[in-house]
A.B. asks: 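The following block contains the structure, expressed as structure tokens.
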Amino acid sequence: MPIKFHEQTKTFHICNKYLSYIICVMENGQMENLYYGKAICDKEDFSYLHEEVMRSLMSVCVPEPGILSMQYTKQEYPVYGTGDFRSPAMTVRQENGSEIVDFKYVSHETYDGKKKLKGLPATYTENESEAQSLDILLHDSVMDTDLILTYTIYEEYPVITRSVRILQKGDQKIRLENMMSASVEFPDMDFEMLQLSGAWSRERYVKTRKLEMGIQAIQSLSGTASSAEQNPFIALKRPHTTEDMGEVYGFSFVYSSNFLAQVEVTPYEMTRVMMGINPQGFSWELKKGEEFQTPEVVMVYSDQGLNGMSQVYHRLYRNHLMRGKWKNRVRPILLNNWEATYFNFTEEKILDIAKKAKEVGVELFVLDDGWFGTRNDDYQGLGDWFVNKNKLPDGISGLSRKIEAMGLKFGLWVELEMVNKDSDCYRAHPDWLIGAPGRFESHSRHQHVLDFSKPEVVDYIYDSISKILDESAISYIKWDMNRYMSEPFSQGMPAAEQGKTMHKYILGVYDLYTRLTEKYPDILFESCSSGGARFDPGMLYFAPQTWTSDDTDAAEREKIQYGTSFVYPIVSMGSHISAVPNHQMHRYTPLATRANVAYFGTFGYELDLNLLSEEELKEVREQVAFMKKYRELIQIEGDFYRILSPFEGNETAWMVVSRDKKHAVAGYYERLNKVNAAWMRLRFKGLDEKQLYTVKWEENSIKAHGNELMYAGIPIDRDYCNKTNGDFYSILYTIEAE
Ligand code: DGJ
């Protein structure tokens with residue numbers, strides 16, 4: 001049994017062969033965290049791990065002569081007001097204004113498998129033997145409120161998931177002002193905090209800082225999205241931890257709206273990590289009989305470095321978060337018309353682009369923004385989900401069938417959560433807009449947010465889009481969302497309910513996703529938000545791939561895809577080859593390099609192939625053939641290894657190795673040339689030491705053992721590369737066991 005309870009010491013040991021997580025009931029009935037880390041042997045009593053000493057100014061929370069104090073104790077779900085002066089995991093305002101709570105252990109239940117979280121995305125088990133779960137019931141007798149701390153441990157992964165549910169049983173109304181999903185404490189501060197930060201077109205850059213006493217945090221207050229600025233993920237790594245060795249603790253939040261990930265270090269060098277819905281703007285009233293469920297935090301422990309942690313997230317999210325028909329399937333090679341035409345297209349033009357795509361072996365044509373209402377620019381039409389017959393006289397239904405007749409699948413772009421004021425939808429329902437009475441309604445990309453916290457709005461959008469899906473031949477949907485939420489106020493909702501707006505909004509989005517993915521199980525959904533502002537596990541639960549970034553420049557994409565790989569599997573990263581000069585960077589990169597980066601993702605094109613030369617088209621045909629041959633390995637079978645970081649030097653390298661270590665593909669990328677450059681050695685990873693491999697690149701082929709390739713490495717003549725190829729040169733290696 002991975003979850004053990006020791007009756008005498010009231011200690012829980014949640015463990016598998018990789019990790020141990022030990023918590024116990026304290027003298028005051030609250031829960032204490034004793035240990036989280038590499039697996040240790042089980043026993044009855046771990047109480048020696050409790051560190052207690054009488055200190056100056058300390059508030060003692062048990063009768064004299066006891067000395068238990070919350071101020072210096074590692075708590076499992078800490079609260080404010082009883083002598084702990086750090087940030088609490090929860091704040092509950094009571095009718096008398098008090099926020100003092102005292103949740104004491106009552107009972108617990110362990111069970112095989114994992115329960116669903118109502119209305120929320122979360123990791124799951126396919127059969128019950130894959131994981132075991134624990135619900136610990138705590139109770140506050142003054143409020144008559146239950147608090148349930150839920151844990152799941154997967155047998156084959158160094159993973160614990162956490163969430164919390166609160167249920168009001170008493171007569172008084174209580175107001176949740178803060179409700180974190182998890183809090184974890186460490187006895188020391190010898191960590192660096194790693195985060196994935198950025199902005200539009202430079203999402204998920206890797207940033208690391210040493211922990212200091214006090215608070216360090218990242219957050220989103222974007223309302224509609226987890227955001228391009230901060231990804232809902234942090235890791236605490238030991239200072240000596242590298243990509244391949246050392247300890248790291250990952251925390252990933254399965255949620256797509258406002259979050260807070262906070263690390264607080266005390267002057268006594270203890271570290272508290274908390275993750276949950278951002279308390280700013282959140283306020284949730286519970287009446288008798290009502291409950292609130294937090295989203296889930298996925299905690300990964302790795303003693304095999306950052307890459308070890310990432311591989312666990314990749315496998316877990318591929319097998320236990322993504323769902324449906326596309327979960328373990330290679331993804332179709334697509335061509336998207338956005339950068340080829342923007343809003344300016346006719347049916348003839350679209351068919352022309354699609355025809356060329358078919359000729360080179362592309363499998364799916366995606367029609368992006370601009371096909372509906374009066375959407376000829378981004379000032380109008382959003383919200384009107386009926387086709388623009390001036391552009392597409394036979395409608396989406398006619399166009400999709402013409403594309404299918406060519407032998408391609410057809411995909412469609414939508415932005416269901418938004419509205420332009422210049423639209424029939426807004427004119428008919430001005431009260432469906434998020435915005436506060438008497439206040440200016442800020443616009444962003446000339447659009448406004450539909451109030452998805454209202455079920456009637458979600459129903460309306462569901463009906464409009466279902467109509468199009470029902471009458472057309474649609475195999476793929478790109479679900480875009482292009483603005484954050486300002487003036488978060490739901491018109492017509494009572495004052496006491498306003499603090500629910502942003503969470504209910506995202507529950508509305510999840511509800512629509514649930515209904516559409518259930519009704520159309522064959523459709524492949526790709527989420528998108530001005531590129532990569534919604535690259536989060538919450539979205540991956542519904543849409544197994546995400547448009548990684550609007551920046552399609554190959555050299556920029558190296559950074560974005562490298563950072564994204566810290567948590568998210570390669571198969572989830574939308575990656576396209578676009579035209580040069582690139583539309584975001586105005587930079588020229590070789591067609592081969594654009595492909596060599598895009599192979600490590602879903603792979604597709606974002607340009608009009610009719611504009612390429614015959615020579616380039618030949619190269620494109622070869623690229624498509626390469627991806628068809630290797631996508632099973634890259635997207636489904638392989639483990640991803642980061643080799644050289646674009647954040648640390650002029651070069652990037654990474655590779656994918658099959659589970660049986662017989663096949664691998666590696667990419668090496670140089671950015672700017674150096675004159676009279678030195679040679680360098682590219683050392684592969686993850687291969688079988690004794691296995692003889694054939695390594696091929698360009699016109700070259702060598703035979704070498706796994707240990708040669710990993711320790712001696714392949715020499716790269718950078719001077720030759722520079723002279724013959726210029727900036728942004730790259731090399732693609734295939735590695736096959738003999
Ligand atoms: C933002 C997306 O990231 C782009 O790929 C494109 O779909 C545009 N929106 C369309 O408006």
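In this chain, numbering begins with 1 at the start of the sequence shown. Counting starts at 1 for both ligands and their atoms, in listed order. Values below: every heavy atom of this structure, side chains too, minus hydrogens, waters and symmetry copies.
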A.B. asks: Counting only nitrogen or oxygen atoms and a 3.5 angstrom limit, does R375 reach ligand 1?
C.D. replies: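 In fact, backbone or side chain, R375 has no N or O that close.
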A.B. asks: Tell me the contacting part of N336 for ligand 1: side chain, backbone, both, or neither, using a 4.0 Å heavy-atom threshold, strictly below.
C.D. replies: neither
A.B. asks: Given C528, which of D480, V414, D368, T546 fulfils the side-chain contact (heavy atoms from CB on, under 4.5 Å) condition?
C.D. replies: D480
A.B. asks: How long is the span from the NE2 atom in H429 to the CD atom in Q491, to the nearest 0.5 Å?
C.D. replies: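 Rounded to the nearest 0.5 Å, the NE2-CD separation comes out at 13.0 Å.
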A.B. asks: Which protein non-hydrogen atom lies closest to atom 9 (N) of ligand 1, naming both residue and atom, and how far is it?
C.D. replies: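 Heavy-atom neighbour on the protein nearest atom 9 (N) of ligand 1: D480 OD2, 2.7 Å.
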A.B. asks: I'd like to know if D424 pairs up with R427 as an ion pair, taking the criterion as any Lys NZ or Arg NE/NH1/NH2 lying under 4.0 Å from an Asp or Glu carboxylate oxygen.
C.D. replies: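 Salt bridge present between D424 and R427.
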A.B. asks: More than 12 heavy atoms of other residues, nucleotides or ligands under 6.0 Å from CD of Q280: yes or no?
C.D. replies: no
A.B. asks: For K356, is there an ion pair with E359 - N to carboxylate O distance below 4.0 angstrom?
C.D. replies: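 Yes, this pair counts.
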A.B. asks: Should Q311 and F640 be marked as a side-chain contact (heavy atoms from CB on, under 4.5 Å) after you check the CA-CA gap, both sets of side-chain angles, and the distance that decides it?
C.D. replies: CA-CA 7 Å; Q311 288 184 356; F640 184 74; 5.6 Å; no
A.B. asks: Can you confirm, on distance only, whether ligand 1 has an N/O atom lying under 3.5 Å from any N/O atom belonging to F343?
C.D. replies: no
A.B. asks: Using the rule given for side-chain contact (heavy atoms from CB on, under 4.5 Å), can you reason through F233 versus F259, listing the C-alpha separation, both sets of side-chain angles and the distance that settles it, and then say yes or no?
C.D. replies: CA-CA 10 Å; F233 164 79; F259 73 87; over 6 Å; no
A.B. asks: Which part of K478 is near ligand 1, with near meaning a heavy atom under 4.0 Å away: side chain, backbone, both or neither?
C.D. replies: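 Contact part for K478 vs ligand 1: side chain (C-beta onward).
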A.B. asks: Heavy atoms only: which of N337, D378, D368 lies closest to atom 10 (C) of ligand 1?
C.D. replies: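 Nearest heavy atom to atom 10 (C) of ligand 1 lies in D368.
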A.B. asks: Quick one: which ligand 1 atoms are inside 4.0 Å of a heavy atom on W413?
C.D. replies: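 Per the distance check, 7 (O), 10 (C), 11 (O).
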A.B. asks: Is M481 near ligand 1, meaning one of its heavy atoms is under 4.0 Å from it?
C.D. replies: no
A.B. asks: In ligand 1, which numbered atoms sit nearer than 4.0 Å to a non-hydrogen atom of W547?
C.D. replies: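 What qualifies from ligand 1 is 3 (O), 5 (O).
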A.B. asks: Determine whether the side chain, the backbone, both or neither of S529 has a heavy atom under 4.0 Å from any heavy atom of ligand 1.
C.D. replies: neither
A.B. asks: Enumerate the atoms of ligand 1 whose separation from the nearest heavy atom of C528 is less than 4.0 angstrom.
C.D. replies: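 By the 4.0 Å cutoff, the relevant atoms are 2 (C), 3 (O).
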A.B. asks: Measure the distance from atom 3 (O) of ligand 1 to every protein heavy atom, then report the residue, atom name and distance (to 0.1 Å) of the closest one.
C.D. replies: D550 OD1, 2.4 Å
A.B. asks: Within 45° of the ring axis of F566 and under 6.0 Å from its six-membered ring centre, is that where the NZ or CZ of R642 lies?
C.D. replies: yes
A.B. asks: Below the 3.5 angstrom mark, is there an N/O of E606, backbone or side chain, next to an N/O of ligand 1?
C.D. replies: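 Such a contact does not occur with ligand 1.
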A.B. asks: For ligand 1, which atoms, with element, lie under 4.0 Å from some heavy atom of D369?
C.D. replies: 10 (C), 11 (O)
A.B. asks: Can you tell me how far OG of S572 sits from CD of E526, rounded to the nearest 0.5 angstrom?
C.D. replies: 10.0 Å
